[in-house]
Every structure is written in structure tokens, then in C-alpha cells.
S.K.: 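Pasting in a structure now, in C-alpha cells, and then I'll have a few things to ask.
Residue numbering restarts at 1 for every chain, and letters A, B, ... go by the order of the sequence lines. Atom set for the values below is all heavy atoms of this structure, side chains included, hydrogens, waters and symmetry mates excluded.
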Amino acid sequence: MADCGEPDGPGNKDDITRSKNEGKELTKEEKQRLRKQKKHQKKQKERKNEKGPSETEKDKTPVSLLPPPQPVATQKAPSALPAPASAPIPVPASAPFHSSPAPSPADKPAKSKAELKAERRARQETDRAAKQPGSSSSGIKTKVPLSELNPVVKRLPEHVQVDDPAVVKRLAKKLERQQTLPYGASNKIPLRSDYGYKVSLFSHLHQYSRKAPLTQLLSIPSTVIHPSIVRLGLQYSQGIVAGSNARSVALLHAFKQVIRDYTTPPNEELSRDLVNKLKPYISFLNQCRPLSASMGNAIKYIKKEISNIPSQCKEEEAKTKLLTCIDRYIEEKIVLAAKAISKYAIEKISDGDVILVYGYSSLVNNILCEAFEKSRKFRVIVVDSRPRLEGREALRRLVQRGISCTYVLISALSYILPEVSKVFLGAHALLANGYVMSRVGTSQIALVARTYNVPVLVCCETYKFCERVQTDSFVSNELDDPDDLMVTRKGKTQLENWQDVSSLGLLNLVYDVTPPDFVDLVITDLGMIPCTSVPVVLRVKNLDQ
Amino acid sequence: MPGADKETDLTERIEAFLADLKRGGSGTGPLRGSGEMARETTYLLRRITAQARWSSAGDLMEIIRNEGRRMTAAQPSETTVGNMVRRVLKIIREEYARSRGSSEETEQQESLHKLLTAGELSEETFREHFVHLKANVIEAINELLTELDGTTDNIAMQALEHIHSNEVIMTVGRSRTVEAFLKDAARKRKFHVIVAECAPFCQGHEMATGLSKVGIETTVIADAAIFAVMSRVNKVIIGTQTVLANGGLRAVNGTHSVALAARHHSTPLIICAPMFKLSPQFPNEEDTFHKFVSPHEVLPFTAGEILSKVNVHCPVFDYVPPELITLFISNIGGNAPSYIYRLMSELYHPEDHKL
């Protein structure tokens, strides 16, 4: 089934064109076929744009030879028309070859005849596509130029569109649909509702309360969502697992458990079905707490690995392959990256240094502990901020190792900064325009450090680099539980009844973005780069993949 | 003897005031506002003038100077006390000069011309006795008291000149002056206020509840979010503990970060401070500039064992250099920070700068 929309070859095609020209109503099957064609063409366009310049070679081979395995399989089953023997057989065999990055040259001569046939069909398809009004003809015609650039217009994530009621309704419907039970009645993923008065500047973001976890809305037994995912979601929403590395690693371990417990249902392919099974889990986790950039990259990697499983692979083999892939990802991108970063960072720490750190970054803590073990003499100042007070955890770990520490709150920054010789900061994500997205307060520290001429070094693994761009902390952020800002001093809680006062709002931001001119150096596992080189690293990574 | 009773009564009051100063300042943040402090000091000084035994202006000045030194030693961070003492000393000088008949103007200015031509003139001993000096001085102190009572209202009256509608204003911690300022503007204009809570004392919470009660749209943010939200702020209006002689500020901790963030976004920084906060101190005196309170505000005793291995700092004040400040709004109007030295020469006599 090379050209997925035309299982019968030229014959049926002519039927459709004839019926169109005659103005007759298309039969149900023909309508189905048309729909499949359109979907297929759209998928081709998206695929092509994603694969970018590495695909220029493959673009020479016709578009229809690169069907992603998904539409091939889904369209195989419903269309019951018999397929010609010769053409489809070499093509599906070549499809899995094509989806792996480097097509082996040995296959090329064997495909030449099928290639030519497919080319002819593709040309006919494009001709028809051109006749169809407003279809994806532009996508197929302009092959090479578009594939050079990444698509500029991406779909806006829904978690920054809370103020648009249409988007919220769409999300609710999507969550309802994501129940893969055959007898799925009331087991759907619940939609979490906002809590409290939201500051008008942030009405486009969600604001949840920690006291109302998502799991209260789930029915028991919840057979849609795997229990380890439910547990993970609860840990995220209550803040038990926090910090971008910890969340990614927990997510990957939970996915490993899911894969271990997975069995392919009959008549389904593991590569497609597993990805579909993961979708509701990801929606659930997103509802518990919005996904971080590192988690997003990890999920992309897993989905790619799953879809790259060849269809004739046995289930056990496929599962072990996936498990080793995940282990390798964790090992390479997180553990070994941390070692590489420590190696570079330790060069930057000299004896007698006074190092300032903010909050709790697992990477920065790692660096300091390793430097201390290599007997560098330095002392650390830990800066902390309300309401999370994560710095206390960092303080505990550093003091346990025997490093001499000082502890202040962020309001005492101007007092303590004249003593400091270097500032080490962790990052949640590095954006493509060089901005550093990190815990709220990081930009303030970088600003004051720059005023006192203290160098600011950001440590970040490459798997946290993301392609988004952002210039301020408003357009995309996370709002934490506003009740955390309340404090009881001397037995009196000032803001106890803040909900009753209509003009009072509490704002508990989680992230902020630091402009690149405040950051002097970024230490990654690929080396030490300036902040503005992030898009270069992203491009190199994309080419590798 | 009635005289002796009056004296013991006076010394008792002074001692009580000193004890109050010592206790009040070492607690968690100022328990009393500076305005109240200034008023109390002035009442006490008026009482000293009325009840103490003195014959000439010089004696009175000596007495007040001694008491002033003791008061500032009791609580060095409470600068309004010292400021009021200096104001009263200046009043005494003026009244003395007026009683002598010479005009005030020539006495005041220490111009270069005067230094060259006058020579050894300025050795006033203030030894002459004038009958009505006491009454005059007490009357002048009463005028000072009325001025003190009206400072907050005077500043609040200027609010509409500085706030337009639909503005976003940021403020830090709690200042009664700024609260009155914003409430006055809220009567006629609609605007939004963002209050930074100012850990560890979290006085911003009180400010926010006060503002929201009169219907001002208020948002409370954590200190860490100051830079993050600064890009949407139109003005930063803050109060201060002291205005220093160079135009800089000694304000609650965290103000320097706010000032830097405002400068980065080119947001004007406006200080609402009444004139009695202006102090002839300079910020270079390192040991006396910073004041620390108990670190258990920052790291409570429940943190456990690590407390013994960690240094914890809890400074109360921050220095803000005058380059970061756009405008001072005081009860006598708006001034640029570069004009502060002139105002100081009008309020205090140079010889009184060091008590």
C-alpha cells in the first residue's frame, strides 16, 4: 500500500475523478479514501518539516515512499479493498528502513522499479491535490525550501490559554476522549479546576490549590491510568518530587514500569498502541503539574524510540529494547552529563572563593560536593526565598559534607554580595534566544551580581535546552498555590481571609527568565558556552537526531 | 521642694523614654513608626525646656545635647530621635539670635565670603540671658509639633500629582506614609498596587490588607518575584527609615534590589519621606550602618543541628545610593536627591551634626 489512499492503483483513482467530474455523490468508501488522502498529505507535510535538512536527500525520493508507519497500519485495516501484490510488498518493507535515519544504499537498486511506479503515482496525487480546493498542495509543492527551516507557527500549548474558554472546552473534550477502554464509561481523566482569585496579568495561566489534588476526582479503580503514573502525578502536585532533574528521572522510571506491565492487545502494533496508551498518562501528569521542558524532551525521546520499533519485532524484545533505551538516556543525559559539568566547573572554582548559590539545584550541589572532595578551599553562601524555602535542603546537604556555609534570605542580597566572588546558578531550561528559565528570584540575583561585578555562571545539561523563546516571565509561567504566601507571625496570620477581600490577590510565581546579558557563562556537558550559543547547540542536537 | 520634685519627675520621664527606646528597637522590626517616635522625642524636649533649670541658651543647649547623646546611644538605628534633638537645638539658636536682635540670615550661611571677612566671629557663647527666651523656644517647639502632626497629610495631598489612572505601582514592606499617599490617590483614581512582602518580617502583608480594605486592587508577591514583575510596573513608590546626607537611603532590606530592578527597566523610583527623617549621617560608617536582629527569623530553631554549623545573617537595613532614586516627596514638596544637602543646611546647624 504505497500510496495509502489508493489501494487499488490507477483503477479506483479514475473512478473517483470520474465521479467528481460528473458531480455524482461519492460513495462512502470513496469519501473515506479521500479523507485518508488528505490526512496522509498533511502528515507528510508535518513529517517533512520536522525532519529538516537531514531529509533533503530523502526528499528526492517521492513523498509517498515515506509513509510513517502509523497511517500505513491504520489505513490498512479499514480499507478492505485488495491491494496489488507487486507494488505494496517492497514498499512496506522499505518503510521501516526509511524511518531509521540512514537508508542503506543496498536497498536502492531493488526499489528502482517500485520507485518509478511510486513516483508516477505521487505525481498523479499531487495533480489531484492541486485540483482539490484548499488542500495541502502547498505543503507538497514547496518541498525543499520549507524543509530547511523549522516551522515557525507551532500550536500554542493550552496551559497558557486558560483565559480562552474555547480552548478550555477543547481540553475538557480531549480528556474525555482519552479513555482507551473498550467499555469506557466514567473512567476519564478529570479536569483540574482553578483555585482562588487570579491576578489579572496572569489570567491566562492555571492556578491550582495543593489541597485539592487531582486524584480526588478519579474514580476507583482507575483503569485508564497506570497506578505508578497516578502516584507520580500525586507526588508532582504535592511537591514531593520537585526539581527538573528529579521530575524527569521519576517520569522515566514510571514509564519503565508502564512498559514492563504493557501487553500488546491483539490486532495492534506495539509501536503505535504504546504511544497511544501514553497519551492519557501525559495529559494526566500535565493536569497534576504542567510539564517541565526537561520532561517534554524526555517524552519526545521516548515517543520517537517507541515509534522506531520495527513492526516485526517480538513484544519481549521490543520491551527490553525500550527499557535499555530509557536507562541509557538517564545515564547519558543526566548522570554522565552531571559528571562532565562538574569537571568543567571545578576548573572555575579556586581556593579562597566565596560562592553564592540560590535555592536547591541538584547539579550545583553536585558540583560543590565534588569540588570539596577535590580539596578546594571555599565557602558557600546559600540564598533562599519564601515561600518554598528550598535553600534549607541545599544547606543541609552541604553542611553534612562539611562545607562551611552562610544562610540568608534573598532580601539580604545587597548586604551579602560584596563578600561574594562567584555566583553559581542552576537552570530549569535554556531557551533558544539565550534566556535562562529558572526558579523565581534567579534573575534578581543575576541583576544584583552584575551590579557588584560578580561573575554569574549557569550550569545546565543539554537535555534541558528547549526551542521556545520568551522575553518576560508573564507569557508562560506556572502559578503555585497562593495560600503558600500566608505566614503566621506571633500568632497572627495577616492574610488569613484573603479570599474574602475581593480586591486582594496573592501571586506565587514559580519561574522567571533571566536575560542573557546578566549571565557570564553557561557550563554544559558539551563545554562552556556563552548564553547566546544555545540555538547553535540546539541545531547540532537536531542534526544528530 | 517643688523644684526638686519637678527635676526628679523629669529624670524619671527621661529614663522611661530611654528604656522604651532600648526595648522598642531591639525587637522584631520597629514597633512604633518614626512619626510617633519623633513626636515623643519632641514632647520630651519641650518638657526639658520647660522644667529643667537653665539660665542661658548655652546651658539649655548643653542639657539637650547631653540628653540627645544618651538617647541616640540607647538606640542608634532610631535616627529620628537625633534629628529632633538637632531641630530643637537649631530652634534655640534661632530664638537666641532673634532675641539678640541680629537677623537670622547672616548667621546661617557659611559662605566663603563670610569665612574670609568674618574671621573669629562665630564664637557665640550663648551666655546672655533673655527673659522671654523660654517662652519663645517653647512656642517654636509647638510649631514644630504641628508640623510633625501634619506631615503625613501634606505628603498625601501631593498624591494626585504623581499617580495617573490604570497605573501599576509597586511598593515594598510597610510604610504608613506610602499607605496614606496611596489611599489618598485611590479616592479619585483607579490603579493597581503590587506589594512585595519583605521577608522575614513580612510587613507587606499588613500593607496589602490595609490597601485592599479601601478597594485598591492589591497583589502580594514574594521578594523573589520583584524582578520578574518589574517589567509591568509603572512606578515604584516606597518609604524609608532614614534619608542620608548624600541623598541615599537607609531603608528596609530588599530595597536595593528593588531600586536596581527599577533602574534596569527605567522605572521611576519615588520616595515618600517626611523631613524629620533627613539625617546628617553619611553611609560610610560601616559599623553603625547595619543593624541585625535575631537570626531565628531566617532559620528557626526547629532547623535542628545544622544551626550550630551555619552562619545566619538577618540584616534589617539596606543602603540605596542616590543615583538610583528619582524623586523625594516630602511635606515641603518634591525634590531631587541632589538637593538634599541644601535642605539639610536649612534644617540643622552644621555644628550640631555631631551631637
S.K.: Can a donor-acceptor pair be found, under 3.5 Å and without considering hydrogens, that links the side chain of Ser503(A) to the backbone of Thr218(B)?
M.R.: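 Answer holds: no.
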S.K.: Using a cut-off of under 4.5 Å on heavy-atom pairs, state which of Thr209(B), Thr219(B), Asp223(B) scores highest against chain A.
M.R.: Thr219(B)
S.K.: Just verifying a value: how many Å separate Lys309(B) NZ and Arg396(A) CZ, rounded to the nearest 0.5 Å?
M.R.: 11.5 Å
S.K.: Quick check on Tyr358(A) against chain B: is it the side chain, the backbone, both or neither that has a heavy atom closer than 4.5 Å?
M.R.: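 Only the side chain of Tyr358(A) comes within 4.5 Å of chain B.
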S.K.: So what's closer than 4.5 Å to chain B heavy atoms on Ser404(A): side chain, backbone, both or neither?
M.R.: neither
S.K.: Does the cation-pi check pass for Arg232(B) over Phe474(A), that is, NZ or CZ under 6.0 Å from the six-membered ring centre and within 45° of its axis?
M.R.: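 Checked: cation-pi criterion met.
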S.K.: Any chance you could measure Leu409(A), atom CG, to Asn253(B), atom CG, to the nearest 0.5 Å?
M.R.: 8.5 Å
S.K.: Can you tell me how far NE2 of His256(B) sits from CG of Leu413(A), rounded to the nearest 0.5 angstrom?
M.R.: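 Reported to 0.5 Å precision, the distance equals 9.5 Å.
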S.K.: What's the spacing between Ile226(B) CD1 and Ile410(A) CD1 if we round to 0.5 Å?
M.R.: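 The CD1 atom of Ile226(B) sits 8.0 Å away from the CD1 atom of Ile410(A).
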S.K.: Please say which of Glu496(A), Met486(A), Gln494(A) ends up in a side-chain contact (heavy atoms from CB on, under 4.5 Å) with His205(B).
M.R.: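 Per the side-chain contact (heavy atoms from CB on, under 4.5 Å) rule, the option paired with His205(B) is Gln494(A), out of Glu496(A), Met486(A), Gln494(A).
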S.K.: Look at the side chain of Arg489(A) and the backbone N and O of Pro200(B), then say whether any donor-acceptor pair between them is shorter than 3.5 Å.
M.R.: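 Present.
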S.K.: Does any backbone or side-chain atom of Ile445(A) lie under 4.5 Å from a heavy atom of chain B? Answer side chain, backbone, both or neither.
M.R.: neither
S.K.: Is chain A contacted by the side chain of Ile216(B), its backbone, both, or neither, given a heavy-atom distance below 4.5 Å?
M.R.: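 Interface part for Ile216(B): backbone (N, CA, C, O).
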S.K.: Between Val501(A) and chain B, which part of the residue has a heavy atom less than 4.5 Å away: side chain, backbone, both or neither?
M.R.: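 Contact with chain B: side chain only.
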S.K.: Considering only heavy atoms and a distance below 4.5 Å, find which of Thr255(B), Val310(B), Ile306(B) pairs most often with chain A.
M.R.: Val310(B)
S.K.: Give, as side chain, backbone, both or neither, the part of Leu485(A) having an atom under 4.5 angstrom from any heavy atom of chain B.
M.R.: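 Both backbone and side chain.
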S.K.: At a heavy-atom separation under 4.5 Å, does Ser411(A) approach chain B through its side chain, its backbone, both, or neither?
M.R.: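 Both parts, heavy atoms under 4.5 Å.
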S.K.: Taking the six-membered ring for Trp, are Phe289(B) and Tyr415(A) closer than 6.0 Å centroid to centroid?
M.R.: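 They do not qualify: ring centres at least 6.0 Å apart.
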S.K.: Of the listed residues (Asp512(A), Asp384(A), Val440(A)), which shares the most heavy-atom pairs with chain B below a 4.5 Å separation?
M.R.: Val440(A)
S.K.: At a 4.5 Å cut-off on heavy atoms, which part of Glu197(B) comes close to chain A: side chain, backbone, both, or neither?
M.R.: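 Just its side chain gets close to chain A.
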S.K.: Can you measure from NE2 (His313(B)) to CD1 (Ile416(A)) and round to the nearest 0.5 angstrom?
M.R.: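 Reported value, rounded in 0.5 Å steps: 4.5 Å.
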S.K.: Could you measure the distance from the CZ atom of Phe227(B) to the CG atom of Asp472(A)? Nearest 0.5 Å is fine.
M.R.: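 So the gap between those two atoms works out to 10.5 Å.
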